[in-house]
Amino acid sequence: MAESAQPAETGIAVLLAGGRPGQQVLVRGWVRTRRDSKDVTFIELNDGSCLENLQVVLEPGRPGWEARDDVTTGASLVVSGPLVESPAAGQPVELRPESLEVTGGSEDDFPLQKKRHGFEYLRTIAHLRVRSNTFGALARVRNSLFTQVHGFFQERGFLFLPAPIITASDAEGAGEMFRVTTLDWGRGGEEPDYSRDFFGQKAGLTVSGQLEAEIFAQAFQKVYTFGPTFRAENSNTSRHAAEFWMIEPEMAFAGLEDNLRLAEDFIKAVIGGVLEQCPGDMGFFDARIEKGLLEKLTHVLESPFETITYTEAVRLLEESGEKFEFPAAWGHDLQSEHERYLAEKKLRRPVFVTDYPKDIKAFYMRMNPDGKTVAAMDLLVPGVGEIIGGSQREERLENLRRRMDSMDISPEEYWWYLDLRRYGSTPHSGFGVGFERLLMYITGLGNIRDVIPFPRTPGNIGF
RNA sequence: UCCCCGAUAGCUCAGCGGUAGAGCGGGUGGCUGUUAACCACUAGGUCGUAAGUUCGAAUCUUACUCGGGGAGCCA
């Protein structure tokens, strides 16, 4: 092996965790900030591998000193040299360059300052906020959660189904669809002739992969989708986006109980996985974004989720003595204020609410023996609200037909969905998890726009 | 879509009827190792837009635009 060869690039996360004094290293990254004294300059270099920066020390007469004026906040550098033991507290090792190259300088109006910025402002510079502490931590945790999700289902024998993004089925009740068309539409305002459109019929961006997942479940038993989902709702809240990712497992030969168990296992497993994989970033969220976050999540891992029926929930709300803007009443959907009371004040942990009245739920949910409620489940979580919505599906052909008829849903449009009940139907169940809402819960970030790299919301598609 | 709140320097905000302020960031100089370093000096603003009330408007009124929070819809 040639001794003079440049050392391979090593991530700063690795160097700070296990780098030894004397080790020759090569790092590339961006200057977070710089501190000057007369005879020494400290550069905080970040390469995205972790929250912490590597301290690079410049001294007069040593390599790199002459480039000092170009090493401004935001500039990109390639630095190599030995790690040395740091004489001051704050970091175990620092880098004393033998060569330093400013790859790209940074102008003096670089917008990210070494101080707290407002989230609203950071959203206006989505191309640079990726270089902030908060967004860096978010990006790494988001990445970790992504792998946790696939890992959880793969370990349990679930088959991954990439559900189609352009679809003709509108998963009744899930929300408004974005239209996909090649027709020149909008001049007269009247509906176009979809038979002349690209697909020969009305098409849009998927609002849910559930119906396709049901098809797959009737062949592979345990399946899941995980992909982008689109809703054209004019929702202006901190927890709605027009484009978000949804995780939708579906299991054949499974009832509502199996569904609840899977959902609880899932939430616990992915939270546990992220805590293990991203301790530094999670510590940052605990310290800077939501005090007590780690304690909250640890508590979730250790205690069983609460399960109550909708009917019990309404009784709890009636007996609570709380003043609600809209009093809870059986037959009406739970308001946000009700969900918040249950999850945040009364039970103080994630809570499943099951068996909702049939009239406020979708046509495909399984009718309970009482004839009034369906086998539905929502998971409510403190601070975020509804994070999971699911149900046991109606597998009995006659029941499904009756439901669709009473809700004015065309059997022609769902002919294949009905077919699944004619050929080897099984009891089956599934749910949908909002990936970003889960991320909000895990990081403590309060706005969905800050857990999506490039968020799409009504009137906003700047990046 | 509805209700509430906001918009002042590059950023975070104070000023709330009498000729525009602070901290941070930027620039310059100083400081033998700093950790959101420190010290001194300095440059930045037709106070979101338009109209109105007033001797006088950043400040009061109205409309509009944009943003935030909440509601509904849901994940």
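Just so it is clear: chains get the letters A, B, ... in the order the sequence lines come, proteins before strands, and each one is counted from 1.
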- Judged by whether its glycosidic angle lies within 90° of 0, B/G52 is anti

- Shortest non-hydrogen contact from A/S99 toward A/P63: N-CB, 4.3 Å

- In Watson-Crick or G-U wobble terms, both distances under 3.5 Å, what is the partner of B/U1? B/A71

- Message: Could you tell me how far B/A58 sits from B/A40 if I compare only their C1' atoms? Round to whole Å.
- Response: 32 Å

- Query: Which of residues 43-60 of chain A sit near RNA chain B, with a heavy atom under 4.0 Å from it?
  - Reply: A/Q55, A/E59

- Message: Taking the six-membered ring for Trp, are A/Y364 and A/Y417 closer than 6.0 Å centroid to centroid?
- Response: no

- Message: Distance check needed: B/C2 C1' versus A/Q335 CD, whole Å only.
- Response: 14 Å

- Query: Once you round to the nearest 0.5 Å, how far does OG of A/S429 lie from CD of A/E214?
  - Reply: 9.5 Å

- Message: Mind checking if A/S336 touches a base, just sugar-phosphate, or nothing, with heavy atoms under 4.0 Å?
- Response: sugar-phosphate

- Task: Check A/A252 against A/A217 and note the closest heavy-atom contact, atom names and distance.
- Result: CB-O, 3.4 Å

- Item | Length of the CD-P vector between A/E248 and B/A75, whole Å | 9 Å

- Could you give the CZ-to-P distance, from A/R35 to B/U34, as a whole number of Å? 10 Å

- Message: Distance check, P atoms only: B/U35 and B/G25, in whole angstrom units.
- Response: 13 Å

- Given atom CD of A/E120 and atom C1' of B/A7, what is their separation to the nearest angstrom? 10 Å

- Message: Work out how far the C1' atom of B/C11 is from that of B/C74, and round it to whole angstrom.
- Response: 35 Å

- Look at the side-chain N and O atoms of A/R123 and state whether any lies under 4.0 Å from the OP1 or OP2 oxygen of B/G68. yes

- Closer than 4.0 Å, any side-chain N/O of A/R34 to the OP1 or OP2 of B/G33? no

- Distance, rounded to the nearest Å, where A/E337 contributes CD and B/G69 contributes P: 19 Å

- Nucleotide paired to B/C60 in any strand shown, Watson-Crick or G-U, under 3.5 Å: B/G52

- Taking the same atom, P, in B/G56 and in B/G68, what whole-Å distance lies between them? 37 Å

- Under 4.0 Å: is that the gap between some side-chain N or O of A/S37 and OP1 or OP2 of B/G33? yes

- Query: Looking only at atom P, what distance separates B/G44 and B/C4, rounded to whole Å?
  - Reply: 42 Å

- Query: Can you give one letter per nucleotide of nucleotides 22-30 of chain B, going 5' to 3': B for a protein heavy atom under 4.0 Å from the base, S for sugar-phosphate only, - for none?
  - Reply: -BBSSS---

- Message: Roughly how many Å apart are B/A57 and B/C47, using the C1' atom of each and rounding to a whole number?
- Response: 11 Å

- Return the value, rounded to whole Å, for the distance between atom CZ of A/F431 and atom C1' of B/C74. 17 Å

